[in-house]
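In this chain, residues are counted from 1 in sequence order. None of these values were measured; they are calculated from a predicted model. Values reported hereafter were calculated over all heavy atoms of this structure, with side chains retained and with hydrogens, waters and symmetry mates removed.
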Amino acid sequence: MKHTPYTPQPIDTKDIELPKELDKLAEDIAKNVHEVWSLGRMKDGWTYGSERNDAQKKHPCLVPYEELSETEKAYDRNTSIETIKLILKLGFKITKP
């Protein structure tokens, strides 16, 4: 199978500022992103290891979100924030009853 070069082209959300009232939502989504990722890894046979080892299916991030380094949390937060910004950019409104 021949692959063509891939150039990612995410929708530009730089003009969207996340309202302060969505900070908690962003953090909750970031935590859930980690939980979903962790569950997927564990279902595939991965377990915690102090260093990543693909052959042994060991990963140092298979810990509760609260125990992740700030660098790792930032990765999940970025996914969360960009998702919320995209929702807003596309014209949707986020409300809490």
Side-chain angles (χ1 to χ4, degrees):
M1 177 195 270
K2 188 176 180 178
H3 292 281
T4 58
Y6 168 62
T7 304
Q9 296 180 356
I11 294 173
D12 185 1
T13 60
K14 290 183 191 93
D15 60 324
I16 303 295
E17 189 171 328
L18 203 63
K20 204 72 171 142
E21 62 266 18
L22 295 183
D23 285 352
K24 169 110 173 55
L25 175 62
E27 190 66 13
D28 289 346
I29 292 172
K31 179 178 179 179
N32 198 62
V33 165
H34 176 69
E35 294 296 313
V36 170
W37 173 85
S38 296
L39 184 60
R41 285 289 174 136
M42 290 176 177
K43 282 182 177 179
D44 287 341
W46 288 72
T47 58
Y48 171 80
S50 59
E51 291 185 13
R52 181 174 175 156
N53 183 315
D54 291 356
Q56 295 178 1
K57 293 189 172 183
K58 300 283 185 188
H59 203 292
C61 292
L62 287 173
V63 297
Y65 180 76
E66 295 76 17
E67 294 179 25
L68 291 174
S69 69
E70 282 305 311
T71 301
E72 291 297 332
K73 285 180 184 178
Y75 182 85
D76 293 328
R77 283 185 191 121
N78 183 59
T79 299
S80 170
I81 289 167
E82 286 302 315
T83 299
I84 294 170
K85 287 170 70 173
L86 176 62
I87 290 167
L88 297 174
K89 173 97 177 191
L90 295 176
F92 292 88
K93 296 189 184 321
I94 298 173
T95 60
K96 185 175 180 179

Under 3.5 Å, which donor-acceptor pairs do the side chains of residues 67-76 form with other protein atoms, sequence neighbours left out?
residue	atom	partner	partner atom	Å
S69	OG	E72	N	3.2
E70	OE1	R77	NH1	3.1

Quick one: side chains of residues 31-44, donor-acceptor pairs under 3.5 Å with protein atoms, not counting sequence neighbours, listed by atom name and distance.
residue	atom	partner	partner atom	Å
K31	NZ	E66	OE2	3.1
H34	NE2	S38	OG	3.3
H34	NE2	C61	O	3.4
H34	NE2	V63	O	2.7
S38	OG	H34	O	2.9

If you count the non-hydrogen atoms of other residues, nucleotides and ligands that lie under 6.0 Å from CD in E17, is the total more than 12?
no

I29-Y65 co-clustered via ILVMFWY side chain contacts under 4.5 Å
no

Below 3.5 Å, can you tabulate the donor-acceptor pairs from side chains in residues 85-97 to any protein atom, sequence neighbours excluded?
residue	atom	partner	partner atom	Å
K89	NZ	D12	O	2.9
K89	NZ	D15	OD1	3.0
K89	NZ	D15	OD2	3.4

Check: R52 and D54 side chains under 4.5 Å, non-hydrogen atoms:
yes

Rest of the hydrophobic cluster containing Y6 (Ile/Leu/Val/Met/Phe/Trp/Tyr, side-chain heavy atoms under 4.5 Å)?
none

Tell me every residue that passes side-chain hydrogen bond (donor to acceptor under 3.5 Å, both in side chains) with N78, counting only those two or more places apart in sequence or in another chain.
none

Distance check, rounded to the nearest 0.5 Å: D28 atom CG versus L22 atom CG?
11.0 Å

Could you pull out all residues at least two apart from K58 that satisfy side chain to side chain contact (heavy atoms under 4.5 Å, CB included)?
T47, N53, Q56

Considering all heavy atoms of both residues, which atom of I84 and which atom of A26 are nearest to each other, and what is their separation?
CD1-CA, 3.7 Å

Counting C-beta onward and ignoring hydrogens, is there a side-chain heavy-atom pair between E51 and P60 closer than 4.5 Å?
no

